[in-house]
2 protein chains.
Amino acid sequence: MTLLDVARVAGVSPSTVSRILNGTAKVSADKRKAVETAIAEMHFEPNQLAQSLKSGKSMTIGIVVQDISSPFFAETLRGVDDGLKATGYASVIVSGHWNAQEEADRIKLLLARKVDGLILLSGHIADQDVLRFAKQRPIVATGRALSSDSAIGFKLDNEYGAMLAVRHLIELGHRRIAFVAGPSDNPDADERLAGYRRALLEADIEFDPKLVAESDLHEASGLLAINRLIESQQQFSAVFAVNDQSAYGVRLSLYRKGIRVPDDISLIAFDDLPTSLYTTPPLTTIRQPLYDMGLAASSALLGLISGTAVDIMLPALELVVRETTRRFR
Amino acid sequence: MTLLDVARVAGVSPSTVSRILNGTAKVSADKRKAVETAIAEMHFEPNQLAQSLKSGKSMTIGIVVQDISSPFFAETLRGVDDGLKATGYASVIVSGHWNAQEEADRIKLLLARKVDGLILLSGHIADQDVLRFAKQRPIVATGRALSSDSAIGFKLDNEYGAMLAVRHLIELGHRRIAFVAGPSDNPDADERLAGYRRALLEADIEFDPKLVAESDLHEASGLLAINRLIESQQQFSAVFAVNDQSAYGVRLSLYRKGIRVPDDISLIAFDDLPTSLYTTPPLTTIRQPLYDMGLAASSALLGLISGTAVDIMLPALELVVRETTRRFR
DNA sequence: CTGTTAGCGCTTTCAA
DNA sequence: TTGAAAGCGCTAACAG
């Protein structure tokens, strides 16, 4: 059933039906009536595909995440979803799986589907490639600094955030602070390591590589990392985990070993996932405005698409003190 | 830049280009060569929208979830994503927010976009409405039993799962078992209540409504629910929470009150979210094959689309004994 | 093997 | 105010 059928039933031309559907021009009351009843009776819904082909606007935006089931991306997606609500845009979400090649492929797929814009959440694809794709459609990226007339990127100051975390520990009297790091090819994780080192430096605490163990940002490898640290016989009274998820693994390992948190060891992390409010005890962490980033990304993209400048105000990283850290005795 | 441009550059007709692109017919080696170099040099990518309009297949499937940021749906989405991988299908994900009207609206939106099929994850929309939409495009739904030639639904036996949970508690010697229920308009939650009652009945334990408190399936309300139970001075040695998320809230409340799990109170839940492996202590729960449900949904839908019957084999619900339950002393 | 041609369903000049 | 007609980019008869 097409617009043409409606036109036939209503006894008008297809252009008239189109005009009524889109409010593009004035139409006499009787024809409007005829068309509207025809539409209602036939349960006609215009074919979006045809509209898009004609107009060049698909009213869909493409989102590339790295892991569709990660709570980290989930929060941001919710922000994007809310930002797109009632704009008529729908979003097609694909996963890049932290792989530059796959990200590029997925972007090409989205571009072939003529999405009106792209949101790239983290990822390993090179900035220059992003910029190249941005020539076809506007792109907003998180976790990277980008700025052209068709691409916007915003990243938070991870180094600063990490400093916030470590300073908190130092203020509580901790001196031997272990760091469960992230993979070295992850810029965010790298910056957090830098922040850890800088905070130590400013407190005149020597950086000890033996106090650092790498994880892949997930629970299981956080657990393994802390185990390695413990087995290496290093002494430490506090742990800074590169992100909340690895901290969950740390927490479990300590629990298994009968090491109390925060009584025996303080634990702080980075992200503030929704779940962190409900760990036992609730996790002290650096709050990352995940939801707001999604909201900001969508409004920035909408701005890029419509050609109106929007300035993005993102809440800064902040320390959220809950119950996994305490004064060193 | 269109296929026509490519044809011009390569000195052939558009049909020839199309044939090469789709491998629809034999083309002489020299023309093929010419076209392929032209495509490569121009970086031509066919417009998917035009292809779709022509073919009637959009190569996209629509997914309606209820909460885009819920870990519950995230796992299933990952299954769907994996199931669609390398099929050429992309998915547009929208959220129904547990609202029948909104779900219907979103389905209409997806239908207008000519998705080739729909996956409906839970939801409040009536079965008959689903069936009606299924006349336009095949639908696979989870959490409801459906069966027509264009719609498949599969649900797990929540009542049985709940019985598994409560029997476990009873076998451990618990008799006073509290239940943190879900909203009564949620069929899954309702069935779990029924299972709870049935398990009590079969063990000759009288059902006591004072031992039941309702939650909305989220952490915060799980916490509130258990607080109400505790304040009501009811005695109980074990808690069955309607889902993992509410159990997290219960766990935190007990922690705050200095009630040890499982030493003072046993706790069991339902879902087995990935995080439940890392709570302290790890949560005993009923495992729901979330990921497999996503996988099954995608393959069932692909079958419906292609007209080939696929039979869905889903792992059954199972008890996963971890560390939040222990023998009543 | 290859080109011509007629649409897919809709929008939008252009005339009337 | 309304309709005729052209065309968005691609595919698939149908000839040749």
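The analysis underlying the following values was restricted to heavy atoms, covering all of them including side chains, and did not include hydrogens, waters or symmetry mates. Each chain gets a letter, A, B and so on, in the order its sequence line appears, and its residues count up from 1. Every value quoted in this text rests on a predicted model; they were computed, and no experiment measured them.
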**Student:** Please answer whether the main-chain N or O of L273(B) pairs with a side-chain N or O of D271(B) as donor and acceptor at a distance below 3.5 Å.
**Tutor:**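 Not at all, since once roles are kept as given, no pair shorter than 3.5 Å links the two residues.
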**Student:** Consider only side-chain N and O atoms of Q51(B) and N47(B), and report whether a donor and an acceptor are under 3.5 Å apart.
**Tutor:**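 On atom types as modelled, these side chains do not qualify, holding no pair under 3.5 Å.
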**Student:** Could you check whether any side-chain heavy atom of R8(A) comes within less than 4.5 Å of a side-chain heavy atom of L4(A), counting everything from C-beta outward?
**Tutor:**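 They are in side-chain contact.
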**Student:** Okay, side chain of D116(B), backbone of M59(B): is any donor-acceptor separation there less than 3.5 Å?
**Tutor:**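 Present.
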**Student:** Residues of residues 41-60 of chain B with any non-hydrogen atom less than 4.0 angstrom from an atom of DNA chain C: list those, numerically ordered, please.
**Tutor:**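 By residue number: L53(B), K54(B).
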**Student:** Are the side chains of Y89(A) and I305(A) in touch, meaning some heavy atoms are under 4.5 Å apart?
**Tutor:**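 The answer is yes; the side chains approach within 4.5 Å.
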**Student:** Between C1' on dC10(C) and CZ on R113(B), what's the gap in Å once rounded to a whole number?
**Tutor:**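 After rounding, the gap between these two atoms is 16 Å.
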**Student:** With a strict under 4.0 Å distance from non-hydrogen atoms of chain A, what nucleotide opens and what nucleotide closes the contacted stretch of DNA chain D, reading 5' to 3'?
**Tutor:**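 Boundary nucleotides touching chain A, in 5' to 3' order, are dT1(D) to dG9(D).
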**Student:** Quick check: does any side chain N or O of D5(B) sit under 3.5 Å from a backbone N or O of T2(B), one acting as donor and the other as acceptor?
**Tutor:**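 At least one qualifying donor-acceptor pair exists.
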**Student:** Taking all heavy atoms of F44(B) and all of M1(B), pick out the closest pair and write down the distance.
**Tutor:**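 Scanning both residues, the minimum pair turns out to be CA-CE, 3.6 Å.
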**Student:** Between residues 24-39 of chain A and DNA chain D, which residues have a heavy-atom gap below 4.0 Å?
**Tutor:**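 Close to the strand are K26(A), V27(A), S28(A), K31(A).
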**Student:** Pick out which of L118(B), L121(B), T76(B) makes a side chain to side chain contact (heavy atoms under 4.5 Å, CB included) with I63(B).
**Tutor:**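 Looking at L118(B), L121(B), T76(B), the match for I63(B) under the side chain to side chain contact (heavy atoms under 4.5 Å, CB included) is L121(B).
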**Student:** Which pairs of donor and acceptor atoms, one on a side chain in residues 128-139 of chain A, lie under 3.5 Å apart (sequence neighbours left out)?
**Tutor:**
residue : atom : partner : partner atom : Å
D129(A) : OD1  : R132(A) : NH2          : 3.0
R137(A) : NE   : V115(A) : O            : 2.7

**Student:** To the nearest 0.5 Å, tell me how far D216(B) CG sits from N186(B) CG.
**Tutor:**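 It comes to 10.5 Å.
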**Student:** Would a 4.5 Å heavy-atom cut-off, applied to side chains only, mark T60(B) and V92(A) as touching?
**Tutor:**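 No - every pair of side-chain heavy atoms lies 4.5 Å or more apart.
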**Student:** Just to be sure I understand the geometry, which residues of residues 3-15 of chain A put a non-hydrogen atom under 4.0 Å away from DNA chain D?
**Tutor:**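 V12(A), S13(A), S15(A), in order of number.
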**Student:** Please list, chain by chain and in numerical order, all residues satisfying side chain to side chain donor-acceptor pair (under 3.5 Å) with H124(A), sequence neighbours excluded.
**Tutor:**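 Testing H124(A) for side chain to side chain donor-acceptor pair (under 3.5 Å), a comparison that skips the adjacent residues, returns none.
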